[in-house]
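First comes the structure, then the notes that go with it.
Just the heavy atoms: all of them, side chains too, but no hydrogens, waters or symmetry mates, feed the values below. In each ligand, atom 1 is the first atom listed, and ligand 1 is the first ligand listed.
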Amino acid sequence: MKHVAIVGSGPAGFYTAEALLKGGGVAIDILDRLPVPYGLIRFGVAPDHQSIKAVARRYEKVALTPGVRFLGNVHLGADVSIEELLHYYDAVVLATGAPLDRRLGIPGDDLPGVIGSAAFVGWYNGHPDFADLDPPLSAEHAVIVGNGNVALDCARILAKTPAEFAGSDIVAHAFEALGGSRVRSITILGRRGPHQIAMTPKELGELGHLQAAAPSVDPADFPPQGTDAALDPGQRKSVELLRAFAATPPDGSKPKTISFDFFAKPVAIEGDGRASQVIVERTALGPDGQARGTGETYALPASLVISCIGYSSPPIPGIPYDEALGRYPNRTGLIAERLYAVGWARRGPTGTIGTNRPDGFEVAEAIAAAVPAGSTRDGAAGLDRLLASRGCEPVLFADWQKIEAAEIAAARAGFAREKLVRLPDLLEAGRRDQE
Ligand code: NAP
């Protein structure tokens, strides 16, 4: 029996476990610093995208397979070191994702009111780290920086009416705050043009069906229509949607507007003690296809600025880290002997949930080839002894099932669940000695 520890219980971690199980002869411990599993499915995927979140049922099957354990509330680098994991397990796989916001790196990006998407998304999804974020929603103008799907998620969540959250699992604190929001104008800044967006058609199309908000695009921002033919089919569909938004006359019946401002890069955020405006520079595409500043600037009012420009992985003591890449340098997933990375910890923050599946299979094959069958390591027994000696109490999958049952039982009428958002509440709901 080989012993494998997977650190991180999001999609990349579970797909790796699934792939390892297919090979057989393996005992797997999936660790997570939080007391709940599923990572980005719980804390990243938007609460109004329940059909995407349903993939958690597949991961649940993996977690319930004999030989697999989930150990939440165990923090690599704090409760256990990488050296210790490598001592007890034949292989360790980092599936820790990329939870840190990349900074805009412009003057004023640290002003109150400027929020990274990991924080804003974490806030409306009930991530314990962001329960107290309290984003400023009492003024009219918000600016979102970035032209990816996360920017669309943030814009849509800001624009929805309370009724449009029916069936979601948006947490009560965000639902109430958004219900009282005075944000009416949401501007999405893209430093390049419509042909360079990283938004996918399904997500973009949703903006055309909002009850109280209408998208607005300047027809002058498009290249000639004939050039769309050179785009790949998905991108072409997205650009068609943008062209349709541009061709639709303003809908006076909808009080909120989501404006796409292309060829526009933020160069400073200003305000007296908190953000009140974004200074934007007009750009043009250079011969390399990248944005070049034109020197022309203008100011956009904004009390809330959400930067949706990508993420990085945190350094972990004892693991090589590339500052420029913001992740662990690796060769097709191999970081060092018996130490692997999958998902965003391996590739950076790109791709959909399914993109992580081949990653998991590739690393499972590498482990099968590199690690001999007869293990002499202690695996779970060793880790359990170590954690007990440190007073660290893991939250097991059965404990998580109690947490989940409590969240579903607490759901407001018409909602999927009411997530517990405070660590002590999560730990209390999962306690083993209460029935
Ligand atoms: P993304 O797709 O990489 O988009 C990042 C955007 O930020 C790009 O438009 C990029 O512009 C822009 N950007 C980067 N640095 C910037 C800067 N300094 N100033 C201005 N703009 C800047 O990242 P994401 O939106 O965070 O999404 C991450 C991944 O999750 C993606 O693969 C995405 O598709 C996926 N996701 C999927 C869904 C879904 O399927 N429903 C939902 C959310 C996320 P350039 O192109 O010019 O670099």
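Looking from atom 39 (C) of ligand 1 to the surrounding protein, the closest heavy atom is Glu203 OE2, 3.6 Å. Of the protein's heavy atoms, Gly351 O, 3.8 Å lies nearest to atom 35 (C) of ligand 1.
Less than 4.0 angstrom separates atom 18 (N) of ligand 1 from at least one non-hydrogen atom of the protein. By the definition of a contact as any protein heavy atom under 4.0 Å away, atom 41 (N) of ligand 1 is in contact.
Between Phe415 and Phe175, the ring centre distance stays below 6.0 Å. Taking the six-membered ring for Trp and the full ring otherwise, Tyr38 and Phe14 have centroids separated by under 6.0 Å.
Counting heavy atoms only, Arg191 comes closest to atom 16 (C) of ligand 1 of the residues Arg191, Arg102, Lys202. Among Leu152, Asp101, Asn147, the residue whose heavy atom sits closest to atom 9 (O) of ligand 1 is Asn147.
Contact annotation: for Cys308 versus ligand 1, heavy atoms closer than 4.0 Å belong to the backbone alone. Counting heavy atoms under 4.0 Å from ligand 1, residue Asp153 touches it through the side chain alone.
For Arg182, the CZ atom counts as loosely surrounded, since its 6.0 Å shell holds 12 or fewer non-hydrogen atoms of other residues, nucleotides or ligands.
Looking at every heavy atom in both residues, Pro215 comes nearest to Phe260 through CB-CE1, 4.3 Å. Listed here is the closest heavy atom pair of Phe397 and Pro37: CE1-CG, 4.1 Å.
Applying the 4.0 Å criterion to heavy atoms of Val150 picks out, from ligand 1, the atoms 24 (P), 25 (O), 26 (O), 27 (O), 43 (C), 44 (C).
Under 4.0 Å is where a charged nitrogen must lie from a carboxylate oxygen, and between Asp322 and Arg327 no such pair does.
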